[in-house]
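Just so it is clear: chains get the letters A, B, ... in the order the sequence lines come, proteins before strands, and each one is counted from 1. Computed from a prediction, not measured in an experiment: that's the story for all the values here.
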There are 2 protein chains.
Amino acid sequence: MSAKITDQDTEQLIKDTAKRVFFGEGRFNATTQEIADAAGVNRTLINYYFRSRNNLFDIVFQDAQEQEHNILEEIVFADISFKEKISRNLDAFFEQSKKYPYLEIYMVTQMNQGNCYKDKEHMNLLLDKFYLEVALEMERGNIHKMRPEQFVLNFVSLMSFPVSMRPLLQETMGFTKESYDTLLEERKDVIMNTLFIK
Amino acid sequence: MSAKITDQDTEQLIKDTAKRVFFGEGRFNATTQEIADAAGVNRTLINYYFRSRNNLFDIVFQDAQEQEHNILEEIVFADISFKEKISRNLDAFFEQSKKYPYLEIYMVTQMNQGNCYKDKEHMNLLLDKFYLEVALEMERGNIHKMRPEQFVLNFVSLMSFPVSMRPLLQETMGFTKESYDTLLEERKDVIMNTLFIK
DNA sequence: ATTGTGTTTAACAAAATTGTCAATAAATTT
DNA sequence: AAATTTATTGACAATTTTGTTAAACACAAT
(Lines give C-alpha, C1' and ligand atoms only; values in the text may rest on other atoms or scores of the structure.)
Protein backbone atom coordinates (compact mmCIF):
# COMPACT_ATOMS: atom_id res chain seq x y z
CA MET A 1 0.00 0.00 0.00
CA SER A 2 2.44 2.65 1.20
CA ALA A 3 6.01 2.85 -0.01
CA LYS A 4 7.96 -0.29 0.62
CA ILE A 5 9.41 -0.47 4.10
CA THR A 6 12.31 -2.80 3.42
CA ASP A 7 15.30 -1.84 1.38
CA GLN A 8 13.54 -3.20 -1.67
CA ASP A 9 12.97 -1.21 -4.80
CA THR A 10 16.24 -2.19 -6.31
CA GLU A 11 15.85 0.38 -9.04
CA GLN A 12 15.89 3.22 -6.53
CA LEU A 13 18.70 1.61 -4.57
CA ILE A 14 20.88 1.50 -7.65
CA LYS A 15 20.12 5.10 -8.52
CA ASP A 16 20.83 6.28 -4.99
CA THR A 17 24.05 4.32 -4.89
CA ALA A 18 25.16 5.78 -8.18
CA LYS A 19 24.48 9.25 -6.82
CA ARG A 20 26.46 8.46 -3.71
CA VAL A 21 29.39 7.19 -5.74
CA PHE A 22 29.34 10.13 -8.15
CA PHE A 23 28.23 13.15 -6.13
CA GLY A 24 29.29 11.82 -2.76
CA GLU A 25 32.61 10.16 -3.45
CA GLY A 26 33.56 11.83 -6.68
CA ARG A 27 34.33 8.57 -8.49
CA PHE A 28 33.08 9.81 -11.83
CA ASN A 29 34.17 6.88 -13.93
CA ALA A 30 33.03 4.11 -11.67
CA THR A 31 32.26 0.92 -13.57
CA THR A 32 28.88 -0.75 -13.44
CA GLN A 33 30.51 -3.48 -11.38
CA GLU A 34 31.71 -0.97 -8.80
CA ILE A 35 28.29 0.61 -8.55
CA ALA A 36 26.62 -2.78 -8.27
CA ASP A 37 29.06 -3.78 -5.54
CA ALA A 38 28.48 -0.56 -3.66
CA ALA A 39 24.75 -1.23 -3.85
CA GLY A 40 25.16 -4.87 -2.96
CA VAL A 41 23.30 -6.11 -6.02
CA ASN A 42 24.10 -8.17 -9.07
CA ARG A 43 25.60 -6.12 -11.83
CA THR A 44 23.16 -7.22 -14.49
CA LEU A 45 20.36 -5.60 -12.53
CA ILE A 46 21.73 -2.32 -13.74
CA ASN A 47 21.03 -3.45 -17.28
CA TYR A 48 17.66 -4.85 -16.25
CA TYR A 49 16.47 -1.58 -14.77
CA PHE A 50 18.42 0.97 -16.77
CA ARG A 51 19.20 -0.83 -20.05
CA SER A 52 22.69 0.58 -20.32
CA ARG A 53 25.39 2.26 -18.30
CA ASN A 54 24.99 5.44 -20.31
CA ASN A 55 21.31 5.57 -19.59
CA LEU A 56 21.92 5.31 -15.86
CA PHE A 57 24.45 8.10 -16.09
CA ASP A 58 21.99 10.27 -17.99
CA ILE A 59 19.22 9.71 -15.51
CA VAL A 60 21.48 10.53 -12.59
CA PHE A 61 22.61 13.65 -14.41
CA GLN A 62 19.02 14.78 -14.83
CA ASP A 63 18.41 14.18 -11.15
CA ALA A 64 21.39 16.34 -10.29
CA GLN A 65 19.92 19.16 -12.34
CA GLU A 66 16.59 18.96 -10.57
CA GLN A 67 18.33 18.92 -7.21
CA GLU A 68 20.11 22.15 -8.10
CA HIS A 69 16.92 23.66 -9.43
CA ASN A 70 14.90 22.89 -6.37
CA ILE A 71 17.32 24.42 -3.93
CA LEU A 72 17.41 27.63 -5.92
CA GLU A 73 13.68 27.74 -6.52
CA GLU A 74 12.79 27.43 -2.87
CA ILE A 75 15.00 30.34 -2.01
CA VAL A 76 14.04 32.70 -4.79
CA PHE A 77 10.32 32.42 -4.16
CA ALA A 78 10.44 32.48 -0.39
CA ASP A 79 8.75 35.45 1.25
CA ILE A 80 11.77 36.69 3.17
CA SER A 81 14.31 39.47 2.91
CA PHE A 82 17.12 39.33 0.40
CA LYS A 83 19.74 38.86 3.07
CA GLU A 84 17.70 36.10 4.61
CA LYS A 85 17.46 34.39 1.23
CA ILE A 86 21.21 34.38 0.86
CA SER A 87 21.58 33.15 4.40
CA ARG A 88 19.16 30.28 3.93
CA ASN A 89 20.67 29.35 0.61
CA LEU A 90 24.01 29.04 2.31
CA ASP A 91 22.51 26.80 4.96
CA ALA A 92 20.77 24.64 2.37
CA PHE A 93 23.89 24.38 0.28
CA PHE A 94 26.23 23.46 3.10
CA GLU A 95 23.71 20.92 4.28
CA GLN A 96 23.43 19.15 0.95
CA SER A 97 27.15 19.46 0.38
CA LYS A 98 27.76 17.15 3.30
CA LYS A 99 26.05 14.41 1.36
CA TYR A 100 26.95 15.43 -2.17
CA PRO A 101 30.09 17.58 -2.23
CA TYR A 102 30.90 16.75 -5.85
CA LEU A 103 27.53 17.40 -7.44
CA GLU A 104 28.65 20.49 -9.31
CA ILE A 105 31.92 19.01 -10.51
CA TYR A 106 30.09 15.93 -11.67
CA MET A 107 27.85 18.07 -13.82
CA VAL A 108 30.80 19.85 -15.36
CA THR A 109 32.56 16.61 -16.23
CA GLN A 110 29.36 15.27 -17.73
CA MET A 111 28.82 18.38 -19.79
CA ASN A 112 32.38 18.15 -21.04
CA GLN A 113 31.49 14.72 -22.33
CA GLY A 114 28.61 15.97 -24.38
CA ASN A 115 25.76 15.70 -21.92
CA CYS A 116 23.81 18.93 -21.86
CA TYR A 117 21.67 20.91 -19.52
CA LYS A 118 17.89 20.82 -19.85
CA ASP A 119 15.19 23.21 -18.76
CA LYS A 120 17.16 26.38 -19.25
CA GLU A 121 13.96 28.35 -19.73
CA HIS A 122 12.80 27.82 -16.22
CA MET A 123 16.19 28.54 -14.75
CA ASN A 124 16.31 31.84 -16.63
CA LEU A 125 13.00 32.89 -15.12
CA LEU A 126 14.35 32.19 -11.66
CA LEU A 127 17.54 34.07 -12.36
CA ASP A 128 15.86 37.12 -13.86
CA LYS A 129 13.71 37.48 -10.80
CA PHE A 130 16.76 37.12 -8.63
CA TYR A 131 18.76 39.67 -10.60
CA LEU A 132 16.03 42.23 -9.95
CA GLU A 133 16.30 41.66 -6.24
CA VAL A 134 20.06 41.94 -6.41
CA ALA A 135 19.84 45.23 -8.26
CA LEU A 136 17.39 46.56 -5.72
CA GLU A 137 19.71 45.61 -2.91
CA MET A 138 22.51 47.51 -4.59
CA GLU A 139 20.31 50.59 -4.78
CA ARG A 140 19.72 50.27 -1.08
CA GLY A 141 23.46 50.23 -0.53
CA ASN A 142 23.51 46.83 1.13
CA ILE A 143 25.84 45.25 -1.39
CA HIS A 144 28.49 46.63 -3.67
CA LYS A 145 27.43 47.83 -7.09
CA MET A 146 28.25 45.56 -10.00
CA ARG A 147 26.42 43.66 -12.68
CA PRO A 148 23.97 41.37 -10.87
CA GLU A 149 25.44 38.45 -12.78
CA GLN A 150 28.77 39.18 -11.15
CA PHE A 151 27.18 39.19 -7.73
CA VAL A 152 25.71 35.77 -8.44
CA LEU A 153 29.09 34.51 -9.59
CA ASN A 154 30.68 35.85 -6.42
CA PHE A 155 28.03 34.20 -4.35
CA VAL A 156 28.19 30.74 -5.87
CA SER A 157 31.97 30.85 -6.09
CA LEU A 158 32.48 31.68 -2.45
CA MET A 159 29.97 29.04 -1.47
CA SER A 160 30.77 26.18 -3.81
CA PHE A 161 34.46 26.24 -4.51
CA PRO A 162 35.82 25.29 -1.10
CA VAL A 163 33.47 22.31 -1.06
CA SER A 164 33.95 21.12 -4.63
CA MET A 165 37.70 21.47 -4.55
CA ARG A 166 38.16 20.17 -1.05
CA PRO A 167 40.53 17.31 -1.96
CA LEU A 168 42.87 19.74 -3.65
CA LEU A 169 42.56 22.59 -1.18
CA GLN A 170 42.74 20.50 1.96
CA GLU A 171 45.92 18.84 0.76
CA THR A 172 47.69 21.84 -0.69
CA MET A 173 46.81 24.10 2.21
CA GLY A 174 47.88 21.49 4.72
CA PHE A 175 44.65 20.99 6.62
CA THR A 176 43.52 17.90 8.43
CA LYS A 177 40.03 16.60 7.80
CA GLU A 178 38.93 18.13 11.09
CA SER A 179 40.52 21.52 10.60
CA TYR A 180 39.03 21.78 7.13
CA ASP A 181 35.62 20.96 8.53
CA THR A 182 36.05 23.79 10.98
CA LEU A 183 37.03 26.09 8.16
CA LEU A 184 33.86 25.19 6.28
CA GLU A 185 31.72 25.79 9.32
CA GLU A 186 33.14 29.28 9.69
CA ARG A 187 32.51 29.90 6.05
CA LYS A 188 28.92 31.03 6.21
CA ASP A 189 29.79 34.08 8.30
CA VAL A 190 32.78 34.88 6.17
CA ILE A 191 30.68 34.79 3.02
CA MET A 192 27.92 36.93 4.50
CA ASN A 193 30.48 39.50 5.57
CA THR A 194 32.14 39.42 2.18
CA LEU A 195 28.93 39.86 0.23
CA PHE A 196 27.20 42.45 2.37
CA ILE A 197 28.32 45.91 3.31
CA LYS A 198 28.41 46.31 7.06
CA MET B 1 73.06 20.84 -30.29
CA SER B 2 70.18 23.04 -29.26
CA ALA B 3 66.63 21.81 -28.65
CA LYS B 4 64.99 20.28 -31.67
CA ILE B 5 63.45 22.85 -33.98
CA THR B 6 60.83 20.69 -35.64
CA ASP B 7 57.77 19.38 -33.89
CA GLN B 8 59.67 16.22 -33.09
CA ASP B 9 60.22 14.96 -29.62
CA THR B 10 57.25 12.69 -29.65
CA GLU B 11 57.45 12.19 -25.93
CA GLN B 12 56.84 15.87 -25.28
CA LEU B 13 54.16 15.99 -27.95
CA ILE B 14 52.23 13.22 -26.27
CA LYS B 15 52.53 14.85 -22.88
CA ASP B 16 51.42 18.22 -24.22
CA THR B 17 48.51 16.65 -26.02
CA ALA B 18 47.43 14.80 -22.90
CA LYS B 19 47.53 18.09 -21.01
CA ARG B 20 45.48 19.77 -23.68
CA VAL B 21 42.90 16.99 -23.61
CA PHE B 22 42.71 16.91 -19.83
CA PHE B 23 43.25 20.50 -18.66
CA GLY B 24 42.16 22.15 -21.84
CA GLU B 25 39.15 20.17 -22.94
CA GLY B 26 38.18 18.54 -19.68
CA ARG B 27 38.00 15.03 -21.14
CA PHE B 28 39.32 13.35 -18.04
CA ASN B 29 38.80 9.77 -19.08
CA ALA B 30 40.14 9.98 -22.58
CA THR B 31 41.47 6.65 -23.81
CA THR B 32 45.04 6.18 -24.97
CA GLN B 33 43.69 5.90 -28.49
CA GLU B 34 41.97 9.26 -28.24
CA ILE B 35 45.11 10.92 -26.92
CA ALA B 36 47.22 9.29 -29.61
CA ASP B 37 44.78 10.45 -32.29
CA ALA B 38 44.77 13.98 -30.89
CA ALA B 39 48.55 13.95 -31.03
CA GLY B 40 48.60 12.35 -34.46
CA VAL B 41 50.84 9.47 -33.37
CA ASN B 42 50.56 5.73 -33.12
CA ARG B 43 48.96 4.60 -29.91
CA THR B 44 51.72 2.21 -28.92
CA LEU B 45 54.11 5.12 -28.70
CA ILE B 46 52.37 5.99 -25.48
CA ASN B 47 53.47 2.64 -24.12
CA TYR B 48 56.91 3.09 -25.61
CA TYR B 49 57.51 6.42 -23.91
CA PHE B 50 55.36 6.13 -20.82
CA ARG B 51 55.06 2.36 -20.25
CA SER B 52 51.43 2.52 -19.23
CA ARG B 53 48.41 4.73 -19.37
CA ASN B 54 48.49 5.15 -15.62
CA ASN B 55 52.05 6.30 -15.71
CA LEU B 56 51.24 8.99 -18.29
CA PHE B 57 48.35 10.14 -16.14
CA ASP B 58 50.60 10.33 -13.09
CA ILE B 59 53.26 12.31 -14.89
CA VAL B 60 50.73 14.78 -16.22
CA PHE B 61 49.30 15.10 -12.73
CA GLN B 62 52.72 15.96 -11.35
CA ASP B 63 53.15 18.55 -14.06
CA ALA B 64 49.86 20.12 -13.10
CA GLN B 65 51.07 20.43 -9.55
CA GLU B 66 54.28 22.13 -10.57
CA GLN B 67 52.36 24.51 -12.79
CA GLU B 68 50.20 25.54 -9.84
CA HIS B 69 53.24 25.83 -7.63
CA ASN B 70 55.14 28.02 -9.99
CA ILE B 71 52.37 30.53 -10.44
CA LEU B 72 51.99 30.90 -6.71
CA GLU B 73 55.71 31.01 -6.02
CA GLU B 74 56.39 33.80 -8.44
CA ILE B 75 53.76 35.92 -6.85
CA VAL B 76 54.58 35.30 -3.23
CA PHE B 77 58.27 36.13 -3.59
CA ALA B 78 57.89 39.08 -5.88
CA ASP B 79 59.04 42.42 -4.48
CA ILE B 80 55.78 44.28 -4.90
CA SER B 81 52.90 45.42 -2.72
CA PHE B 82 50.30 42.99 -1.47
CA LYS B 83 47.60 44.44 -3.64
CA GLU B 84 49.89 44.24 -6.63
CA LYS B 85 50.57 40.59 -5.86
CA ILE B 86 46.90 39.80 -5.90
CA SER B 87 46.47 41.77 -9.07
CA ARG B 88 49.27 39.99 -10.87
CA ASN B 89 48.12 36.63 -9.65
CA LEU B 90 44.74 37.33 -11.16
CA ASP B 91 46.36 38.24 -14.45
CA ALA B 92 48.52 35.14 -14.43
CA PHE B 93 45.61 32.93 -13.54
CA PHE B 94 43.24 34.26 -16.16
CA GLU B 95 45.99 33.99 -18.71
CA GLN B 96 46.72 30.33 -18.02
CA SER B 97 43.04 29.58 -17.68
CA LYS B 98 42.55 30.38 -21.33
CA LYS B 99 44.74 27.42 -22.16
CA TYR B 100 43.95 25.16 -19.23
CA PRO B 101 40.56 25.99 -17.73
CA TYR B 102 40.11 22.55 -16.18
CA LEU B 103 43.46 22.17 -14.48
CA GLU B 104 42.05 22.41 -10.97
CA ILE B 105 39.10 20.14 -11.60
CA TYR B 106 41.41 17.60 -13.16
CA MET B 107 43.47 17.53 -10.01
CA VAL B 108 40.41 17.01 -7.86
CA THR B 109 39.17 14.12 -9.98
CA GLN B 110 42.62 12.57 -9.87
CA MET B 111 42.86 12.92 -6.13
CA ASN B 112 39.45 11.33 -5.78
CA GLN B 113 40.87 8.35 -7.60
CA GLY B 114 43.68 7.88 -5.16
CA ASN B 115 46.37 10.04 -6.70
CA CYS B 116 47.85 12.29 -4.07
CA TYR B 117 49.56 15.62 -3.84
CA LYS B 118 53.34 15.80 -3.45
CA ASP B 119 55.61 18.47 -2.11
CA LYS B 120 53.28 19.74 0.57
CA GLU B 121 56.22 20.97 2.62
CA HIS B 122 57.21 23.55 0.11
CA MET B 123 53.66 24.70 -0.45
CA ASN B 124 53.24 25.19 3.28
CA LEU B 125 56.25 27.45 3.38
CA LEU B 126 54.80 29.56 0.63
CA LEU B 127 51.44 29.73 2.31
CA ASP B 128 52.77 30.62 5.73
CA LYS B 129 54.66 33.52 4.25
CA PHE B 130 51.55 34.61 2.42
CA TYR B 131 49.37 34.34 5.52
CA LEU B 132 51.66 36.76 7.29
CA GLU B 133 51.24 39.28 4.53
CA VAL B 134 47.49 38.83 4.60
CA ALA B 135 47.40 39.38 8.35
CA LEU B 136 49.47 42.51 7.98
CA GLU B 137 47.13 43.83 5.33
CA MET B 138 44.22 43.30 7.70
CA GLU B 139 45.99 45.31 10.37
CA ARG B 140 46.38 48.08 7.87
CA GLY B 141 42.64 48.00 7.25
CA ASN B 142 42.96 47.25 3.56
CA ILE B 143 41.04 44.00 3.72
CA HIS B 144 38.36 42.72 6.05
CA LYS B 145 39.46 40.89 9.15
CA MET B 146 39.14 37.13 9.11
CA ARG B 147 41.37 34.10 9.39
CA PRO B 148 43.99 34.47 6.66
CA GLU B 149 43.04 31.00 5.46
CA GLN B 150 39.55 32.30 4.80
CA PHE B 151 40.90 35.19 2.81
CA VAL B 152 42.86 32.75 0.66
CA LEU B 153 39.75 30.64 0.16
CA ASN B 154 37.80 33.74 -0.86
CA PHE B 155 40.52 34.70 -3.25
CA VAL B 156 40.92 31.38 -5.03
CA SER B 157 37.18 30.77 -5.05
CA LEU B 158 36.33 34.08 -6.70
CA MET B 159 39.10 33.57 -9.20
CA SER B 160 38.84 29.89 -10.05
CA PHE B 161 35.23 28.89 -9.81
CA PRO B 162 33.78 30.80 -12.76
CA VAL B 163 36.51 29.34 -14.96
CA SER B 164 36.41 25.75 -13.71
CA MET B 165 32.65 25.55 -13.73
CA ARG B 166 32.14 27.41 -16.94
CA PRO B 167 30.25 24.66 -18.77
CA LEU B 168 27.71 24.48 -15.98
CA LEU B 169 27.49 28.20 -15.25
CA GLN B 170 27.38 29.37 -18.84
CA GLU B 171 24.53 27.00 -19.60
CA THR B 172 22.48 27.44 -16.46
CA MET B 173 22.85 31.19 -16.44
CA GLY B 174 21.97 31.43 -20.10
CA PHE B 175 25.11 33.06 -21.46
CA THR B 176 26.53 32.74 -24.92
CA LYS B 177 30.19 31.93 -25.35
CA GLU B 178 30.85 35.58 -26.09
CA SER B 179 28.86 37.05 -23.24
CA TYR B 180 30.52 34.68 -20.79
CA ASP B 181 33.92 35.74 -22.08
CA THR B 182 32.97 39.33 -21.40
CA LEU B 183 31.87 38.37 -17.93
CA LEU B 184 35.25 36.78 -17.25
CA GLU B 185 37.09 39.81 -18.52
CA GLU B 186 35.20 42.03 -16.12
CA ARG B 187 35.98 39.68 -13.32
CA LYS B 188 39.36 40.95 -12.32
CA ASP B 189 37.97 44.31 -11.26
CA VAL B 190 35.03 42.72 -9.52
CA ILE B 191 37.33 40.48 -7.52
CA MET B 192 39.68 43.30 -6.56
CA ASN B 193 36.73 45.37 -5.37
CA THR B 194 35.33 42.45 -3.45
CA LEU B 195 38.57 41.59 -1.70
CA PHE B 196 39.81 45.07 -0.88
CA ILE B 197 38.16 47.78 1.19
CA LYS B 198 37.76 50.94 -0.79
C1' DA C 1 -0.79 -27.15 -7.50
C1' DT C 2 -0.28 -24.28 -11.45
C1' DT C 3 0.09 -20.45 -13.97
C1' DG C 4 1.89 -16.08 -14.57
C1' DT C 5 4.62 -12.07 -13.56
C1' DG C 6 8.32 -9.71 -12.16
C1' DT C 7 13.05 -10.19 -10.15
C1' DT C 8 17.57 -12.09 -9.70
C1' DT C 9 21.40 -14.84 -11.06
C1' DA C 10 25.24 -17.07 -13.56
C1' DA C 11 27.19 -18.10 -17.79
C1' DC C 12 28.23 -16.40 -21.94
C1' DA C 13 29.19 -13.21 -25.88
C1' DA C 14 30.62 -8.84 -27.55
C1' DA C 15 32.98 -4.76 -27.35
C1' DA C 16 36.35 -1.72 -25.89
C1' DT C 17 40.74 -0.79 -24.06
C1' DT C 18 45.28 -1.69 -22.83
C1' DG C 19 49.75 -3.85 -23.23
C1' DT C 20 53.41 -6.75 -25.69
C1' DC C 21 56.39 -8.03 -29.24
C1' DA C 22 58.64 -8.74 -33.31
C1' DA C 23 59.34 -6.52 -37.66
C1' DT C 24 60.38 -2.33 -40.01
C1' DA C 25 62.04 2.33 -40.62
C1' DA C 26 64.84 6.15 -39.44
C1' DA C 27 68.63 8.15 -37.59
C1' DT C 28 73.40 8.03 -35.49
C1' DT C 29 77.78 6.21 -34.77
C1' DT C 30 81.57 3.82 -36.16
C1' DA D 1 78.54 1.93 -46.00
C1' DA D 2 77.99 -1.12 -42.14
C1' DA D 3 76.70 -1.40 -37.67
C1' DT D 4 74.18 0.16 -33.88
C1' DT D 5 70.88 2.47 -31.58
C1' DT D 6 66.42 4.68 -31.39
C1' DA D 7 61.78 5.41 -33.05
C1' DT D 8 57.64 3.70 -35.19
C1' DT D 9 54.33 0.44 -36.76
C1' DG D 10 50.98 -3.41 -37.17
C1' DA D 11 49.50 -7.68 -35.53
C1' DC D 12 48.32 -10.00 -31.70
C1' DA D 13 47.26 -11.24 -26.81
C1' DA D 14 45.39 -10.03 -22.42
C1' DT D 15 42.42 -7.57 -19.74
C1' DT D 16 38.61 -4.99 -18.54
C1' DT D 17 34.10 -3.64 -19.10
C1' DT D 18 29.62 -3.95 -20.93
C1' DG D 19 25.53 -6.17 -22.68
C1' DT D 20 22.55 -10.46 -23.56
C1' DT D 21 20.15 -14.54 -22.58
C1' DA D 22 18.19 -18.36 -20.59
C1' DA D 23 17.45 -20.46 -16.38
C1' DA D 24 16.31 -20.14 -11.40
C1' DC D 25 13.76 -17.94 -8.02
C1' DA D 26 10.04 -15.62 -5.39
C1' DC D 27 5.56 -14.88 -4.86
C1' DA D 28 0.93 -13.65 -5.80
C1' DA D 29 -3.39 -14.83 -8.30
C1' DT D 30 -6.03 -18.22 -10.20
Nearest-Å distance, CG (B:Asn54) to P (D:dT15)?
16 Å
Run the ring-centre check on A:Phe22 versus A:Phe57 and record whether the distance is less than 6.0 Å.
yes
Distances under 3.5 Å between protein N/O atoms and the N/O atoms of nucleotides 5-7 of chain D, please, pair by pair.
| from | atom 1 | to | atom 2 | distance (Å) |
| --- | --- | --- | --- | --- |
| D:dA7 | OP2 | B:Tyr48 | OH | 3.1 |

Any side-chain N or O of A:Asn42 less than 4.0 Å from the OP1 or OP2 oxygen of C:dA10?
yes
Got a sec: does the CD of B:Glu84 have more than 12 other heavy atoms crowding it under 6.0 Å?
yes
Provide, to the nearest angstrom, the distance between the CG atom belonging to B:Leu56 and the C1' atom belonging to C:dG19.
14 Å
When rounded to whole Å, the CZ to C1' distance for the pair B:Phe50 and D:dT8 reads 15 Å
Please work out which of the three classes, parallel, tilted or perpendicular, describes the rings of A:Phe161 and B:Phe161, given edges at 30° and 60°.
perpendicular
Salt bridge check: are B:Lys129 and B:Glu133 linked by an N-O gap of less than 4.0 Å?
yes
Please identify which of these residues, A:Phe77, A:Phe155, A:Phe82, A:Phe151, meets the ring pair (Phe, Tyr, Trp, His ring centres under 6.0 Å) condition with A:Phe130.
A:Phe82
Step by step, work out the salt bridge (Lys or Arg N to Asp or Glu O under 4.0 Å) result for B:Arg166 and B:Asp181.
CA-CA 10 Å; B:Arg166 176 169 184 160; B:Asp181 277 336; 2.9 Å; yes
B:Phe23 and its ring pair (Phe, Tyr, Trp, His ring centres under 6.0 Å) partner, picked from B:Tyr106, B:Phe61, B:Phe28:
B:Tyr106
Rounded to the Å, how far apart are B:Ile46 CD1 and C:dT17 C1'?
12 Å
Could you state the CG-P distance from B:Asn47 to D:dC12, rounded to the nearest angstrom?
18 Å
Polar pair under 3.5 Å, donor/acceptor by atom type, side chain A:Arg43, base D:dG19:
yes
Within residues 29-40 of chain A, the residues having a heavy atom closer than 4.0 Å to DNA chain C are none
What class does the angle between the rings of A:His69 and A:His122 fall in, given that below 30° is parallel, 30 to 60° is tilted and above 60° is perpendicular?
perpendicular
Starting at CZ of A:Arg53 and ending at C1' of C:dA16, how long is that distance when rounded to a whole Å?
12 Å
Using distance alone, with no hydrogens and no angle criterion, decide if B:Gln150 and B:Asn154 have a side-chain donor and acceptor under 3.5 Å apart.
no
